[in-house]
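All residue numbers in this chain count up from 1 along the given sequence. Just so you know, these numbers use all the heavy atoms, side chains as well, and skip hydrogens, waters and symmetry mates. This one's a predicted model, so the numbers in the text were calculated from it and none came from an experiment.
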Amino acid sequence: MGRKKLEIKRIENKSSRQVTFSKRRNGLIEKARQLSVLCDASVALLVVSASGKLYSFSSGDNLVKILDRYGKQHADDLKALDIQSKALNYGSHHELLELVESKLVGSNVNNVSVDTLVQLEEHFETALSVTRAKKTELMLKLVENLKEKEKLLKEENQVLASQMKKNHHVGAEAEMEISPAGQISDNLPVTLPLLN
């Protein structure tokens, strides 16, 4: 007798849900342990129950070391996400310039606090980072487009080269003459059509 296929959806019965959670959590931890032993991999596993209870597993290295390593490897991604969220908060460059102008106009210059200037500097640095990220994105898209055009031009060049060879072969055959003695003469010049 085989197992009954379980539909993957939330289990409505609270006690059944708790039993399933415990069994599957233990199974997941066992699989993580096996993966770490069989493949000599550093594995970190965090499970938070519906009640908020935290369960964790880590192999070899402790959990904090593994998470620190993850943070270091993905620092650029996390920084990019942080910059994008800040960009959404600050609005356009035009709005930023208007903000700076309103803070630093004429008589207000002497009344501007250091905190305000630091905040404006952070706004500018964020705007600069967002601008550089957008510029890099556009340049990468341009490079991809140019690579695609290069690929198409190479394909077109190959087609034209094969047509040229075919025309050269057909032209050479057409211009071959049979001499009165029955010999083939191929001393005649071959003319190729010009390709524009």
Side-chain angles (χ1 to χ4, degrees), residues 3 5-104 112-148 150-151:
R3 286 188 188 177
K5 181 137 181 147
L6 180 67
E7 184 180 352
I8 302 299
K9 67 175 187 175
R10 184 175 185 269
I11 299 171
E12 296 302 324
N13 184 330
K14 188 175 180 179
S15 62
S16 295
R17 187 169 57 239
Q18 183 58 40
V19 169
T20 302
F21 173 78
S22 295
K23 286 181 178 179
R24 291 196 175 225
R25 180 198 66 223
N26 292 338
L28 183 61
I29 290 172
E30 179 59 24
K31 288 291 183 185
R33 188 191 66 73
Q34 290 173 7
L35 179 65
S36 71
V37 171
L38 292 172
C39 302
D40 193 27
S42 294
V43 178
L45 175 67
L46 290 174
V47 179
V48 181
S49 70
S51 62
K53 190 170 181 185
L54 180 68
Y55 301 90
S56 65
F57 166 82
S58 63
S59 64
D61 298 336
N62 70 20
L63 188 65
V64 175
K65 285 183 181 177
I66 295 173
L67 292 176
D68 283 344
R69 202 162 75 201
Y70 175 83
K72 287 175 186 173
Q73 274 189 308
H74 296 285
D76 292 340
D77 296 339
L78 297 173
K79 188 176 178 182
L81 287 174
D82 186 45
I83 287 172
Q84 288 176 350
S85 67
K86 284 182 180 177
L88 293 174
N89 293 336
Y90 295 143
S92 69
H93 294 308
H94 182 68
E95 292 170 356
L96 181 60
L97 289 173
E98 286 177 355
L99 174 70
V100 170
E101 188 177 334
S102 68
K103 299 273 186 184
L104 300 177
V112 176
S113 70
V114 173
D115 291 336
T116 304
L117 290 174
V118 169
Q119 188 179 19
L120 289 174
E121 182 181 22
E122 288 176 3
H123 287 308
F124 274 124
E125 287 175 357
T126 301
L128 184 61
S129 297
V130 170
T131 303
R132 284 183 177 151
K134 186 66 175 174
K135 176 184 167 188
T136 303
E137 180 184 339
L138 291 173
M139 288 178 72
L140 290 174
K141 284 182 182 178
L142 178 63
V143 168
E144 287 299 316
N145 288 340
L146 290 173
K147 283 182 181 178
E148 188 64 30
E150 178 187 26
K151 181 182 172 188

NZ on Lys14 to CD on Gln18, rounded to 0.5 Å: 8.5 Å
Residue pairs fulfilling salt bridge (charged side-chain N to carboxylate O under 4.0 Å, His left out) with at least one residue in residues 29-58, sequence neighbours excluded: Glu30-Arg33
Qualifying residues under side-chain contact (heavy atoms from CB on, under 4.5 Å), relative to Leu67, sequence neighbours excluded: Leu63
Residues which pass side-chain hydrogen bond (donor to acceptor under 3.5 Å, both in side chains) with Ser15, listed by chain and number, not counting sequence neighbours: Asn13
Pairing residues for Ser51 by the side-chain hydrogen bond (donor to acceptor under 3.5 Å, both in side chains) criterion, not counting sequence neighbours: Ser49
Salt bridge (charged side-chain N to carboxylate O under 4.0 Å, His left out) partners of Arg69, counting only residues at least two apart: Asp61
Least distance between heavy atoms, Ile66 atom then Val43 atom: CD1-O, 3.5 Å
Under the side-chain hydrogen bond (donor to acceptor under 3.5 Å, both in side chains) test, residues paired with Asn145 that sit two or more places apart: none
Non-neighbouring partners of Glu148 that pass salt bridge (charged side-chain N to carboxylate O under 4.0 Å, His left out), sequence neighbours left out: none
ring-ring contact (aromatic ring centres under 6.0 Å, His included) partners of residues 38-65, not counting sequence neighbours, each pair once: Phe21-Tyr55
More than 12 heavy atoms from other groups under 6.0 Å of CZ on Arg17: yes
Contacts of type side-chain contact (heavy atoms from CB on, under 4.5 Å), residue Asn62, not counting sequence neighbours: Val64, Lys65
For Ser56, all residues meeting side-chain hydrogen bond (donor to acceptor under 3.5 Å, both in side chains), sequence neighbours excluded: none
Salt bridge (charged side-chain N to carboxylate O under 4.0 Å, His left out) partners for Glu12, two or more places apart: Arg10
Test item: Ser59 side-chain N/O and Ala41 main-chain N/O as donor-acceptor pair under 3.5 Å: yes
Atom of Val47, atom of Arg25 and distance for their closest heavy-atom approach: CG1-CG, 4.4 Å
Inter-residue atom distance Ile29.CD1 - Leu45.CG, 0.5 Å rounding: 6.0 Å
Check: Leu142 and Leu138 side chains under 4.5 Å, non-hydrogen atoms: no
By side-chain contact (heavy atoms from CB on, under 4.5 Å) - contacts of Leu54 (at least two apart): Leu46, Val48
